[in-house]
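The structure appears right after this line, and notes come after that.
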Number of protein chains: 2
Amino acid sequence: MITLTERQSLILKAIVRDYTEGGNPVGSKSLVQELPMKVSSATIRNEMARLEDLGLIVKTHLSSGRIPSIRGYRYYVDHILKPEKVDSRDLKVIQHSLGGEFHKIDEIVAQSADILSQLTSYTTFTLRPELKDSRLSGFRLVPLGNHQVMAILVTNNGDVENQTFTIPNDLSGDELEPVVRFIDDQLIGLPLQDVLRKLQHEIPLKLAKYLQDPDGFLDIFGSVLSKAASERFYVGGKLNLFNYTDQNDPKELQSLYSLLDQTDSLANVIGPPGQHIQVRIGNEITNDLLKNYSLITATYDVDQHGKGMIAILGPTAMPYSRMIGLMGAFQRELARKLLDYYRYFDE
Amino acid sequence: MITLTERQSLILKAIVRDYTEGGNPVGSKSLVQELPMKVSSATIRNEMARLEDLGLIVKTHLSSGRIPSIRGYRYYVDHILKPEKVDSRDLKVIQHSLGGEFHKIDEIVAQSADILSQLTSYTTFTLRPELKDSRLSGFRLVPLGNHQVMAILVTNNGDVENQTFTIPNDLSGDELEPVVRFIDDQLIGLPLQDVLRKLQHEIPLKLAKYLQDPDGFLDIFGSVLSKAASERFYVGGKLNLFNYTDQNDPKELQSLYSLLDQTDSLANVIGPPGQHIQVRIGNEITNDLLKNYSLITATYDVDQHGKGMIAILGPTAMPYSRMIGLMGAFQRELARKLLDYYRYFDE
DNA sequence: TATTAGCACTCTCATCCATAGAGTGCTAAT
DNA sequence: ATTAGCACTCTATGGATGAGAGTGCTAATA
């Protein structure tokens with residue numbers, strides 16, 4: 001466990017701030033001018049040598065100024081940083097953007113990624129409250145004529161999932177009635193996860209009583225169901241990658257862009273909803289492509305409707321205190337908006 | 001009107017080919033070795049000087065080899081190039097990718113953009129057959145409970161458009177019946193475009209007889225209708241931008257990326273469906289951002305179901321003859337697949 | 001014992017050659 | 001009309017050089 005003196009702590013803090021703002025290694029002379037105490041540059045140099053021994057700062061070459069190491073950022077985030085109160089203009093932007101009318105949870109969550117990327121000029125991710133805990137509250141099969149039928153699934157949270165299928169023969173409403181009745185009787189009110197599980201065993205057996213050939217229907221039902229139960233992931237500010245990545249390495253930029261299209265890899269990186277706000281720096285992130293960046297993740301809680309996540313990807317040299325303040329505010333506003341939205345469907 | 005001698009034409013052709021393949025300016029010595037006739041490099045140099053006077057090739061600096069100018073590519077495309085027969089493996093890839101089962105026109109068209117970008121390693125665009133000429137063949141309002149209703153619109157081409165709305169009070173099927181009957185009686189069979197026009201005048205008046213407060217319904221109907229009638233645009237191979245743009249100019253890359261997200265600007269660039277295959281080179285493209293690139297567009301024709309477009313964006317130094325051959329094949333295969341698909345809904 | 005002034009040392013960055021290599025245009029000969 | 005020969009131009013590469021920024025160390029100081 002590292003403990004720093006008051007002065008060392010101030011020096012580390014100044015180095016982090018200067019480097020984050022200016023982007024250049026920080027030398028002892030410039031530090032003298034900024035620090036509150038009256039000491040010479042030589043003293044600062046001695047202290048810096050100690051911070052370097054502790055692994056908190058590093059040189060880019062033998063005689064350069066210092067920049068914070070991963071451990072340095074870590075210490076800064078854990079022990080020095082105080083979350084900045086969110087800027088009132090930023091708060092207004094958030095509230096205004098979430099204030100509009102939405103017809104879907106996913107619209108709210110997708111828009112959140114965009115707002116957050118706009119406020120931070122970084123890249124952001126949002127994950128909606130998990131659907132697998134939602135309960136099935138309705139299932140419809142609407143014949144559309146022309147060999148088409150639309151399957152619609154509704155959850156108790158007001159989420160609607162639908163899909164159109166092409167079928168060999170047109171169906172009338174009458175033929176579909178027993179199926180819909182079966183669903184109503186047996187499955188409504190169950191968590192989607194349970195329905196999904198039953199789809200493997202019970203349902204096919206029971207359904208055989210109602211339908212001669214249940215396979216076609218099961219395909220349809222299963223497809224809409226798993227679409228509804230799948231996690232959904234939104235990315236905002238892809239273009240911002242150009243602002244904070246290494247401009248001289250187009251290969252890396254391309255890999256990152258490609259990563260942003262792989263929802264599943266990203267979902268692994270962000271991880272499942274956890275506690276509060278978490279900061280992962282550099283190689284603390286499990287994905288090698290991101291080992292030069294930082295990731296701030298936050299879980300938001302919508303009571304019985306589950307938990308979702310928001311995340312910011314940016315450079316390791318990030319204004320952490322502003323970001324953490326912003327995340328806190330966003331977390332609250334988003335949860336509030338979603339509660340509002342859900343309340344509508346709870347009667 | 002420029003006319004070239006046989007030999008000049010061969011030289012231009014060789015310069016275009018070499019530069020496209022190697023990416024370096026082409027000098028007289030290397031040309032001597034490739035050209036079928038036995039002449040010295042000095043003769044080639046004299047001919048090259050004449051081609052330069054005609055504005056077909058240029059130097060990158062005073063004593064460099066030559067590269068084709070925009071006019072040079074133009075001449076090559078118009079008078080020299082012969083479309084290459086499509087590679088049989090490429091054809092198989094196309095047929096295989098389009099061979100699967102699709103539930104929507106838009107899926108086919110979106111996938112087309114992906115296949116084409118994969119085959120070319122450039123960026124591609126596809127535009128589906130225009131919807132505004134489709135006819136309305138069905139409209140449904142499905143009450144979902146929980147203050148929600150889904151509006152579904154079906155066209156004679158089997159296109160389905162749907163949207164979920166949040167409404168103040170739950171509706172029963174009975175209340176919706178007169179509205180649906182009205183649509184059935186008055187609007188079915190009309191082109192979407194006409195319906196859209198009537199929505200401004202006739203419909204509100206007539207509907208007033210059926211409903212006390214038609215405004216809410218008109219909003220819903222109008223929203224789904226215009227969503228259905230809007231053009232849809234797909235982009236494939238965004239990542240390929242990294243392969244053929246100037247690696248040293250991240251600003252430009254960023255602008256291009258941003259352009260690819262602006263469906264409307266792009267639609268303007270591609271233009272409305274025209275005749276056959278068209279090649280636009282460099283500043284012949286109306287968008288300034290693309291003045292260093294080439295655009296090949298092709299219109300595909302699905303008979304009475306309208307016309308759509310496919311396009312390839314790549315560097316001016318593109319293997320035009322392969323690309324044009326590929327476009328031709330793709331055009332045919334896509335039209336065939338769509339005709340197949342539509343046939344299903346024509347009974 | 002903590003601090004500091006002074007100095008030798010290291011590394012980066014920009015600038016300035018020098019040179020090799022590729023290619024051209026021109027001239028005079030064929 | 002073609003070509004050999006040559007002077008010339010421009011690029012790309014690889015040192016060499018010097019200014020600037022910053023460090024570590026030593027010896028003196030409070």
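So you know, we letter chains A, B, ... as the sequences are listed, proteins then strands, and number each from 1. No experiment lies behind these values; they were computed from the predicted model shown.
The pair Asp87(B)-Arg89(B) counts as a salt bridge, with a side-chain nitrogen and a carboxylate oxygen less than 4.0 angstrom apart. Taking a cutoff of 4.0 Å between a charged side-chain nitrogen and a carboxylate oxygen, Glu284(B) and Lys291(B) do not qualify as a salt bridge.
For the pair Met48(B) CE and dG23(C) P, the interatomic distance rounds to 9 Å; values are reported in whole Å. In this structure, Asn46(B) places its CG atom 17 Å from P of dG23(C), rounding to the nearest Å. Counting to the nearest Å, the P atom of dC26(C) and the CD atom of Glu47(B) are 15 Å from each other. Rounded to whole Å, the distance from CD1 on Ile67(B) to P on dT24(C) is 13 Å. dT24(C) atom P lies 13 Å from atom CG of Asn24(B), rounded to whole Å. Atom-to-atom, CD of Gln8(A) to P of dA2(C) comes out at 12 Å; the value is rounded to the nearest Å. Taking atom NZ of residue Lys29(A) and atom P of nucleotide dG24(D), one finds them 14 Å apart after rounding to whole Å. If you take CD of Gln33(B) and P of dG23(C), they are 10 Å apart, rounded to a whole angstrom.
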Evaluation steps, side-chain hydrogen bond (donor to acceptor under 3.5 Å, both in side chains), between Tyr320(B) and Ser294(B): CA-CA 10 Å; Tyr320(B) 290 98; Ser294(B) 275; 2.7 Å; yes
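In this structure, a donor-acceptor pair under 3.5 Å is absent between the side chains of Ser9(A) and Tyr75(A).
Of the two residues near DNA chain D, Thr60(B) and Ala49(A), the one whose nearest nucleotide lies more 5' is Thr60(B).
Counting only heavy atoms from C-beta on, His61(A) has its side chain closest to dT12(C) among dT3(D), dT4(C), dT12(C). Taking every side-chain heavy atom of Leu62(A) into account, dC11(C) is the closest of dA5(C), dG25(C), dC11(C).
When ring centroids are compared, Tyr122(B) and Tyr244(B) come within the 6.0 Å threshold.
OP1 or OP2 of dC10(D) has not a single side-chain nitrogen or oxygen of Ser63(B) nearer than 4.0 Å. At the phosphate of dT3(D), OP1 or OP2 sits under 4.0 Å from a side-chain N or O atom of Thr43(B). Using a 4.0 Å cut-off, no side-chain N or O of Arg45(A) falls inside it from OP1 or OP2 of dT26(D). Contact check, Arg66(A) against dG24(D): a side-chain N or O comes under 4.0 Å of OP1 or OP2. Side-chain nitrogen and oxygen atoms of Ser64(B) include none within less than 4.0 Å of the OP1 or OP2 phosphate oxygen of dT24(C). For dG24(D), one of the phosphate oxygens OP1 or OP2 lies less than 4.0 angstrom from a side-chain nitrogen or oxygen of Lys59(A). Phosphate proximity of dT2(D) to Arg7(B): present, with a side-chain N or O under 4.0 Å from OP1 or OP2.
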Tell me which donor-acceptor pairs under 3.5 Å the side chains of residues 17-36 of chain A have, and how far apart each pair is, sequence neighbours excluded?
from     : atom 1 : to       : atom 2 : distance (Å)
Thr20(A) : OG1    : Val16(A) : O      : 2.7
Ser28(A) : OG     : Arg45(A) : NH1    : 3.3
Ser30(A) : OG     : Gly27(A) : O      : 3.1

Dot-bracket assigned to DNA chain C with the 3.5 Å Watson-Crick/G-U criterion, [ ] for crossing and | for other-strand pairs, is ||||||||||||||||||||||||||||||
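Remark: Lys238(A) pairs with Asp261(A) by the salt bridge (charged side-chain N to carboxylate O under 4.0 Å, His left out) rule, at least two apart or across chains.
Among the atoms of the strands shown, only primed sugar atoms or phosphate atoms (P, OP1, OP2) are found under 4.0 Å from some heavy atom of Ser28(A).
Other residues, nucleotides and ligands contribute at most 12 non-hydrogen atoms within 6.0 Å of the NE2 atom of His276(A).
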